[in-house]
Amino acid sequence: MNVYLEIFTTFSKIGAFTIGGGYAMLPIIQREVVEKKGWLSKEDFVDVLAISQSAPGVFIINISIFIGERLKGFKGSVVAAFASAFPSFAIILLIAMFFSAFKDNQVVNSIFTGIRPAVVALIAVPLIAMSKSVKLNKYTSLIPFATVLLIVLLGISPIYIIISGALLGLFYFYLVKR
Amino acid sequence: MIYLELFITFFKIGLFTFGGGYAMISLIQNEVVVKHQWVDASTFTDIIAISQMTPGPIGINSATYVGYSVTESVWGAVVATIAVCLPSFIIILLIAYLYKQFKRNKWFEAALKGIRPVVLGLIASAAILLVTTDNFVDWKSWVIFGAAFAATQWGKVNPILVIILAGFVGFLIY
């Protein structure tokens, strides 16, 4: 089979069958890319994950670009990224086209009135696990609070806070190194 | 020019999102709800709910959805979705070429150390900013919030199931 076609079918499968965020996709990607296709070794896969996670952007798109590039250079990366984004693009487009028509329906409205507070809870839940894995100390634990104050009360764009965080990290490293 | 604005906005979102989909919510919210007011807070919450229930990452889902609803055209969805992916292309391809050097770069690692605590704050802000009177209509909303939080955090219930159950409860009580 044509390699591009193989890349396309593999990544569109990954895009179509992963529900609930990037980390839920990892076992599926690993099975397809490492075990079934043998495109990457286990060690390489871990490196690809680490880099895709630390780079900005959508996790799964980063992974697709990285693996696609390894297989077939730039063209491979375009095919892989397109394939993994396409299923969600098509599904959401259909929903967006028809959801506005249903939105004023009383039943749909009741259902979403129930769903909205649950969504807020779903966003809040990962905070607990993440605050443990980030390993905050006395000083760095001030950063999340300062971030919340700046965004919620002062309406400052998260972009500036991310840049400040990066600079703070670099500055601290520079001081420690000296 | 709405298409150019969409492109710039989602390019920025793609460029500055570190730490996964939940951190991205805060950026999308700031750009799309607060700055451009393309959608209101409750529509934004609906988009997140739909993103959770459908396949694919939230960054792609919300770009597609917002792009379509702002322009009422498929091309808006295409432009926003490409824009959110484009920074990844540039950065990941660069990294792929410099792979070995980058892997253990101390400065890169130091910058990330500073970003990680910020990401926590971003996610918390996203949740706080969604606590609006449109999303929390009465005390029952808070009961749903508490139950959903407990079920996912301690009950390890699948988030998709939580959304479906919350929708069912909403159907019954509202």
Side-chain angles (χ1 to χ4, degrees), chain A residues 15-16 18-22 51 54-62 65-66 69 81 85 87-89 91-93 95-96 110-127 130-131 134 136 140 143-144 147-148 151-152 157-159 161-162 165-166 168-170 173, chain B residues 14-18 20-22 26-27 30 45-46 48-49 54-57 59-61 64-65 68-69 77 81 85 87-88 91-92 96 110-118 120-128 130 135 141 144-145 148-149 152-153 159 162-163 166-167 169-171 174:
Chain A
T18 33
I19 301 181
I51 292 168
S54 7
V58 178
F59 190 33
I60 166 88
I61 296 294
N62 290 351
I65 294 170
F66 211 134
E69 200 279 332
S88 33
F89 176 82
I91 292 165
I92 290 292
L93 193 61
I95 292 175
S110 306
I111 292 173
F112 273 89
T113 307
I115 286 178
R116 286 178 196 135
V119 169
V120 180
L122 289 182
I123 298 174
V125 163
L127 283 172
M130 281 182 73
S131 58
V134 173
L136 299 168
T140 51
I143 297 176
T147 304
V148 169
I151 291 178
V152 175
S157 167
I159 293 173
I161 307 173
I162 291 168
L168 212 63
L170 289 172
F173 179 65
Chain B
L15 185 59
F16 286 101
T17 296
F18 290 87
Y22 285 105
S26 168
L27 267 100
N30 182 268
T45 315
D46 294 345
I48 300 169
T54 54
I60 301 289
N61 289 345
T64 306
Y65 196 105
Y68 176 81
S69 49
T81 309
C85 295
S88 295
I91 291 163
I92 293 288
L112 277 179
K113 265 196 189 131
I115 290 176
R116 279 184 203 122
V118 171
L120 274 180
L122 292 184
I123 297 173
S125 313
I128 292 168
L130 289 177
N135 285 343
S141 303
I144 295 174
F145 173 85
F149 191 94
T152 348
Q153 174 64 31
V162 170
I163 291 179
V169 170
F171 172 71
Y174 288 111

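Residue numbers begin at 1 in each chain, while the letters A, B, ... track the order of the sequences. Not measured: the values here are computed from a predicted model. Every heavy atom of this structure was used, including side-chain atoms; hydrogens, water molecules and symmetry mates were not.
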Under 4.5 Å, counting heavy-atom pairs only, tell me which of [options] racks up the most with chain A.
options                          : value
A148(B), A127(B), G167(B)        : G167(B)
V169(B), N30(B), L15(B)          : N30(B)
G59(B), S69(B), A124(B), A126(B) : A124(B)
P87(B), G114(B), C85(B)          : G114(B)

Heavy atoms only, distances under 4.5 angstrom: which of [options] has the most pairs with chain B? Name it, please.
options                  : result
I161(A), I159(A), V58(A) : I159(A)
I151(A), L93(A), V120(A) : V120(A)
G169(A), S110(A), A85(A) : S110(A)

What distance do [X] atom [atom1] and [Y] atom [atom2] have between them, rounded to the nearest 0.5 Å?
X       : Y       : atom1 : atom2 : value
N62(A)  : T17(B)  : CG    : OG1   : 10.0 Å
I162(A) : L27(B)  : CD1   : CG    : 5.0 Å
I95(A)  : Y68(B)  : CD1   : OH    : 12.5 Å
L120(B) : I143(A) : CG    : CD1   : 10.0 Å
I115(B) : L170(A) : CD1   : CG    : 8.5 Å
T140(A) : K113(B) : OG1   : NZ    : 11.0 Å

Just wondering, do P117(B) and L136(A) contact through their side chains at under 4.5 Å, heavy atoms?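 With C-beta onward as the side chain, the pair touches.
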At a heavy-atom separation under 4.5 Å, does [X] approach chain B through its side chain, its backbone, both, or neither?
X       : answer
L168(A) : neither
I61(A)  : side chain
V119(A) : side chain

Minimal non-hydrogen separation, [X] against [Y], with atom names:
X       : Y       : value
F89(A)  : I60(B)  : N-CG2, 4.5 Å
S88(B)  : P56(A)  : OG-O, 3.8 Å
F173(A) : A110(B) : CB-CB, 3.4 Å
G114(A) : I144(B) : O-CG2, 3.4 Å
P117(A) : F145(B) : O-CD1, 3.5 Å
A121(A) : F149(B) : CB-N, 3.6 Å

Tell me whether T147(A) contacts the main-chain N or O of L122(B) through its side chain, where contact means a donor paired with an acceptor under 3.5 Å.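 Answer holds: no.
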Give, as side chain, backbone, both or neither, the part of N61(B) having an atom under 4.5 angstrom from any heavy atom of chain A. both
With respect to I123(A), which candidate in T45(B), I128(B), I48(B) satisfies the side chain to side chain contact (heavy atoms under 4.5 Å, CB included) definition?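 Going through T45(B), I128(B), I48(B) one by one, the side chain to side chain contact (heavy atoms under 4.5 Å, CB included) with I123(A) is satisfied by I48(B) alone.
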